[in-house]
S.K.: 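I am attaching a structure below and will ask some questions about it afterwards.
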Amino acid sequence: MSNRVVVTGIGVVTPIGNNSDEFCQGLFSMKSGAGPIKRFDPAELPTRIACEVKGVEGEFRDVKITFALKAAREAVKQAFPNGKVPANSDSILSMGIGLELFSVDDLITLHNQGYDNVADANSLTFLNTPSDICAHLICQEAGINHSPLLHISACAAGTDAIGTAYLKIKSGKTKVALAGGTDSMINPMGIAGFCRITAMTTKNDTPQTASMPFDEERDGFVIGEGAGFLVLENETHAKQRGAQILGFIAGYGNSLDAYSISDPHPEGAGALKSMGRALSAAGLRPQDISAINAHGTGTPKNDPAEAQAIRSLLGLRYKEVPVFATKSLIGHGISSAGAVETVACILSFQENKLHATKNLKKVAPGCELHHIFNNPIAFHGNYILKNSFGFGGQNGSLVVGRWEN
Amino acid sequence: MKFFSKQDGLTLAACHQAWSQANINDPDYADRTGIYLCVGILPFEDKPLEKIAMLSQSDGKLDMHKSSTDSFNAMNPLLTFKCLPNMPLFHVSSHFGITGRYFMTYPGIPEWFSALNRAIEDLQQGLVDYAIVGSAADQNNYLVSHHLRRIRPDLLEKSIDASSALVLTTREEFKPIGHINTVETSYKAFNPLENKSLLIQNAGVLPVHAGVVEPSLYLTLHLEKATATTVTYTWQGDADNFCKIEMEVL
């Protein structure tokens with residue numbers, strides 16, 4: 001039995017499209033998801049722009065739960081039209097997730113009135129909603145009966161979730177995995193927290209051009225939100241049931257910087273290790289990589305460190321291998337980022353195109369790579385390396401492969 | 001260290017004890033060690049929350065002007081790092097200089113078993129030679145107390161801050177204090193809105209509520225006492241949802 005790990009379903013909720021078709025159109029038309037924050041009044045916060053999801057309504061106050069349910073449903077239905085994972089597939093859910101930041105409104109009510117005097121205080125949605133409930137709801141809907149694997153490695157969580165699912169299928173422990181991530185920190189506490197550590201852009205007057213990874217005028221990331229899920233499957237299992245295969249996960253690696261609470265290793269040492277480990281798992285060499293989907297946050301410190309790591313990995317081929325940053329279009333989705341961007345890689349193979357890094361005009365010193373400027377380019381390569389790096393030095397990399405029928 | 005929360009300290013203290021006891025002197029340990037951590041739901045201390053509540057309101061309601069100025073300016077910038085749940089992983093990796101693999105999860109006992117299983121799989125597949133499996137429960141704070149009160153108020157008075165860690169290896173040159181015989185988990189999907197008691201686990205094997213740390217703490221206490229040949233920990237939420245580990249005491 002082959003143990004290649006193929007992709008048979010994708011689903012997303014993003015700032016530029018609420019399903020994979022809309023997202024695909026948004027990606028290759030270079031649509032920006034950024035604008036003034038509308039979910040709440042940011043008042044005088046230093047950053048008042050974000051890439052928000054539009055037009056998704058749900059029963060949960062914590063929008064990331066709604067995003068996750070919708071994106072997971074789309075992915076599962078594409079792979080299994082009845083919306084259920086086969087009962088005999090030892091299936092798993094592996095997902096990156098943001099934690100339960102509290103509602104300041106509820107905090108004030110609770111603080112002023114006391115727990116016993118607030119009628120809703122004992123509900124699961126008052127003050128904060130436990131994030132793990134969405135995993136149980138997804139498992140129930142999809143028919144997954146394995147304890148959910150929840151990843152909280154921040155900005156690397158979505159990629160780690162997919163990587164973990166890859167490892168589980170590769171080892172033969174499961175045949176089908178629903179893997180992805182969901183997050184939204186577009187709320188008063190989330191935005192204030194990132195503002196306080198000056199991680200985000202303050203280009204409030206020009207939201208659509210504010211997310212500019214690798215550009216010399218970048219000043220921080222634009223926060224995004226959303227969810228992305230992929231159905232991963234053992235190749236033989238997928239073929240035996242006649243599934244349409246969209247691509248495959250060829251390898252995964254992760255690493256720890258052990259360097260700084262907030263800054264990446266300046267030479268990208270940890271990033272280089274995670275990329276190397278992903279290639280090793282895939283049985284590939286650096287020269288086999290055809291493109292790189294960068295973590296590319298647009299923060300002053302991430303971009304040169306990542307660029308240095310990529311140059312170290314590729315050697316002189318760094319001048320040839322195209323690099324693109326999806327966060328230039330949809331912002332930084334934190335725990336969802338790696339998953340949504342992996343879907344972008346799958347769509348790149350399907351469309352035979354790579355989107356450009358929007359808003360990249362003049363490459364910053366230290367960020368020299370073969371960037372894609374302005375418009376999408378044709379792409380017929382076989383492997384895209386996908387990076388995700390988290391605060392605190394957690395690095396995850398995937399090798400995503402083109403599927404030739 | 002720029003910032004060190006209670007959860008960070010708890011995690012590091014337990015990992016340091018376990019790592020010291022393991023006495024690993026392999027010069028290649030940095031890349032050959034994985035860190036597998038499980039923490040509870042987001043902790044947040046009472047004082048900063050009280051300050052946010054006081055400085056963000058007018059007439060008893062949220063005032064974003066005040067929130068974005070008075071409250072915002074009063075906050076320690078590094079408080080943000082309390083909201084990033086992966087910080088214990090940074091502190092453990094940084095303290096020991098570990099650059100190998102990781103798995104960072106939350107918020108309960110089934111997830112601690114996920115971390116344990118991942119460590120075992122990485123060891124068996126040769127991705128690492130050593131695995132630190134740690135857990136931390138920072139429970140005596142505003143948010144976690146609220147969470148307990150709305151789901152399992154009976155555990156509130158018994159909840160403690162705790163941490164525990166195990167160091168696993170497949171390398172034969174070390175003298176082990178225990179051997180993992182079996183790890184068994186069972187999960188049947190449930191609707192957490194209708195069955196919320198399953199969201200907080202307690203096996204009742206300790207006189208306190210140690211949250212996510214319970215299985216590891218129970219095992220380490222019994223490994224140290226070594227009064228039996230095997231030690232078994234079981235959490236059983238219902239007929240379909242349980243986790244069990246049996247270790248041989250050496």
Side-chain angles (χ1 to χ4, degrees), chain A residues 40-45 99-102 104-105 107-108 110-112 115 121-124 126-128 130 132-133 136-137 139-140 143-147 149-154 160 164 167 171 188-189 192-197 254-259 261-262 270 273 390-394, chain B residues 2-3 31 35 41-42 44 49-50 52-53 56-57 60-62 64-65 67-69 72 75 77-81 83-87 89-90 93-94 97-107 110-111 113-114 118 121 125 143 146-147 149-150 185 187-193 196 199:
Chain A
F40 70 96
D41 173 16
E44 273 90 348
L45 285 173
L99 290 199
E100 47 278 314
L101 281 177
F102 53 87
V104 185
D105 306 69
L107 176 69
I108 290 168
L110 208 51
H111 178 266
N112 293 350
Y115 184 89
N122 64 354
S123 82
L124 274 182
F126 186 80
L127 188 61
N128 58 12
D132 55 320
I133 73 167
H136 301 298
L137 292 169
C139 284
Q140 192 179 46
I144 294 172
N145 288 305
H146 182 287
S147 186
L149 302 172
L150 299 172
H151 301 262
I152 55 167
S153 42
D160 286 331
T164 292
L167 291 172
S171 67
M189 279 305 296
F194 279 127
C195 282
R196 211 67 185 89
I197 56 172
N254 70 10
S255 73
L256 295 155
D257 273 7
Y259 176 73
I261 195 167
S262 57
K273 279 183 181 170
F391 269 141
Q394 288 104 61
Chain B
K2 281 183 176 176
F3 191 80
D31 278 343
I35 306 174
I41 75 154
L42 182 68
F44 216 111
L49 274 176
E50 189 174 339
I52 291 169
S56 298
Q57 59 175 305
K61 291 187 176 168
L62 172 63
M64 270 311 297
H65 170 71
S67 181
S68 63
T69 52
F72 179 77
M75 288 300 110
L78 296 172
L79 189 62
T80 302
F81 289 98
C83 299
L84 296 174
N86 52 335
M87 283 302 119
L89 188 50
F90 160 72
S93 66
S94 172
I98 290 169
T99 53
R101 315 285 172 143
Y102 66 87
F103 178 81
M104 183 78 226
T105 191
Y106 105 122
E111 286 74 30
F113 275 82
S114 296
R118 174 63 177 273
E121 287 163 17
Q125 290 173 22
L143 286 189
H146 170 73
H147 189 58
R149 194 179 286 124
R150 67 183 167 183
T185 61
Y187 172 85
K188 186 171 184 183
F190 60 92
N191 186 334
L193 305 174
K196 62 182 182 179
L199 295 175

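Quick note on labels: first sequence line is chain A, next is B, and so on, each numbered from 1. FYI, side chains are in, hydrogens and waters are out, and symmetry mates aren't considered; it's all heavy atoms of this structure.
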S.K.: For A:Glu100, what residues pass the salt bridge (charged side-chain N to carboxylate O under 4.0 Å, His left out) criterion, not counting sequence neighbours?
M.R.: none
S.K.: Identify whether NZ of Lys or CZ of Arg in B:Arg150 sits under 6.0 Å from the centre of the six-membered ring of A:Phe126 and within 45° of that ring's axis.
M.R.: no
S.K.: Side chain, backbone, both or neither: which part of A:Ser123 has an atom under 4.5 Å from a heavy atom of chain B?
M.R.: backbone
S.K.: Can you tell which of B:His146, B:Met75, B:Glu50 has the highest number of heavy-atom pairs within less than 4.5 Å of chain A?
M.R.: B:His146
S.K.: Kindly give the heavy-atom pair with the smallest separation between B:Leu49 and A:Phe102, and that separation in Å.
M.R.: CD2-CZ, 3.0 Å
S.K.: Can you tell me which of A:Ile144, A:Leu101, A:Asn112 forms the most heavy-atom pairs within a distance under 4.5 Å of chain B?
M.R.: A:Asn112
S.K.: Highest number of heavy-atom pairs under 4.5 Å with chain A: which of B:Thr69, B:Leu84, B:Ile41, B:Thr80?
M.R.: B:Thr80
S.K.: Any side-chain heavy atom of B:Tyr102 sitting closer than 4.5 Å to one from A:Ser153?
M.R.: yes
S.K.: Identify which of A:Ile197, A:Asp41, A:Leu124 forms the greatest number of heavy-atom pairs closer than 4.5 Å to chain B.
M.R.: A:Leu124
S.K.: Please tell me if the side chains of A:Gln394 and B:Leu89 come closer than 4.5 Å, counting only heavy atoms from C-beta onward.
M.R.: yes
S.K.: Restricting to salt bridge (charged side-chain N to carboxylate O under 4.0 Å, His left out), what partner residues turn up for A:Asp105, sequence neighbours left out?
M.R.: none
S.K.: Within the structure provided, determine whether A:Lys273 and B:Thr99 are in side-chain contact (heavy-atom separation under 4.5 Å).
M.R.: yes
S.K.: With a 4.5 Å cut-off on heavy-atom pairs, point out which of B:Ser68, B:Ser114, B:Ser93, B:Pro192 contacts chain A the most.
M.R.: B:Ser68
S.K.: If you look at every heavy atom in B:Phe72 and A:Ala192, which pair is closest and at what distance?
M.R.: CE1-O, 3.4 Å
S.K.: Against chain B, label A:His146 side chain, backbone, both or neither, depending on which of its atoms sit under 4.5 Å from a heavy atom there.
M.R.: backbone
S.K.: With a 4.5 Å heavy-atom cut-off, do A:Leu137 and B:Asn191 have their side chains touching?
M.R.: yes
S.K.: Are B:Leu143 and A:Leu127 side-chain neighbours, meaning at least one heavy-atom pair lies under 4.5 Å?
M.R.: yes
S.K.: Taking all heavy atoms of B:Lys61 and all of A:Ile108, pick out the closest pair and write down the distance.
M.R.: C-CD1, 4.2 Å
S.K.: Who among B:Arg118, B:His147, B:Gln125 has the most heavy-atom pairs with chain A under 4.5 Å?
M.R.: B:Arg118
S.K.: Top residue by heavy-atom pair count (under 4.5 Å) with chain B, among A:Leu256, A:Leu107, A:Asp257?
M.R.: A:Leu256
S.K.: What are the two closest non-hydrogen atoms of B:Phe190 and A:Gln140, and how far apart are they?
M.R.: C-NE2, 3.7 Å
S.K.: Could you tell me which of B:Arg149, B:His65, B:Lys196, B:Lys188 has the largest number of non-hydrogen atom pairs under 4.5 Å with chain A?
M.R.: B:Arg149
S.K.: So, do B:Met87 and A:Ile261 sit near enough that their side-chain heavy atoms are less than 4.5 Å apart?
M.R.: yes
S.K.: Pick from A:Leu45, A:Leu150, A:Asn254, A:Asn122: which one has the most heavy-atom pairs with chain B under 4.5 Å?
M.R.: A:Asn254
S.K.: Looking only at heavy atoms and a cut-off of under 4.5 Å, which of A:Cys139, A:Ala258, A:Ala43, A:Gly392 has the most pairs with chain B?
M.R.: A:Ala258
S.K.: With heavy-atom distances below 4.5 Å as the criterion, would you say the side chains of A:Val104 and B:Ser56 are in contact?
M.R.: yes
S.K.: Between B:Phe44 and chain A, which part of the residue has a heavy atom less than 4.5 Å away: side chain, backbone, both or neither?
M.R.: side chain
S.K.: Would you please indicate yes or no on a ring centroid separation below 6.0 angstrom for B:Tyr187 and A:His136?
M.R.: yes
S.K.: Check whether B:Asn86 reaches the backbone of A:Phe391 with its side chain - one donor and one acceptor, N or O, closer than 3.5 Å.
M.R.: yes
S.K.: Picking from B:Gly97, B:Pro110, B:Pro107, which has the most non-hydrogen pairs under 4.5 angstrom with chain A?
M.R.: B:Pro107
S.K.: Of the listed residues (A:Asp132, A:Leu149, A:Leu167), which shares the most heavy-atom pairs with chain B below a 4.5 Å separation?
M.R.: A:Asp132
S.K.: Which atom names give the shortest non-hydrogen contact between A:Asn145 and B:Ala189, and what distance separates them?
M.R.: OD1-N, 2.8 Å
S.K.: Please look at B:Ile98 and chain A and tell me whether the side chain, the backbone, both or neither of the residue comes under 4.5 angstrom of a heavy atom of that chain.
M.R.: both
S.K.: Is chain B contacted by the side chain of A:Asp160, its backbone, both, or neither, given a heavy-atom distance below 4.5 Å?
M.R.: side chain
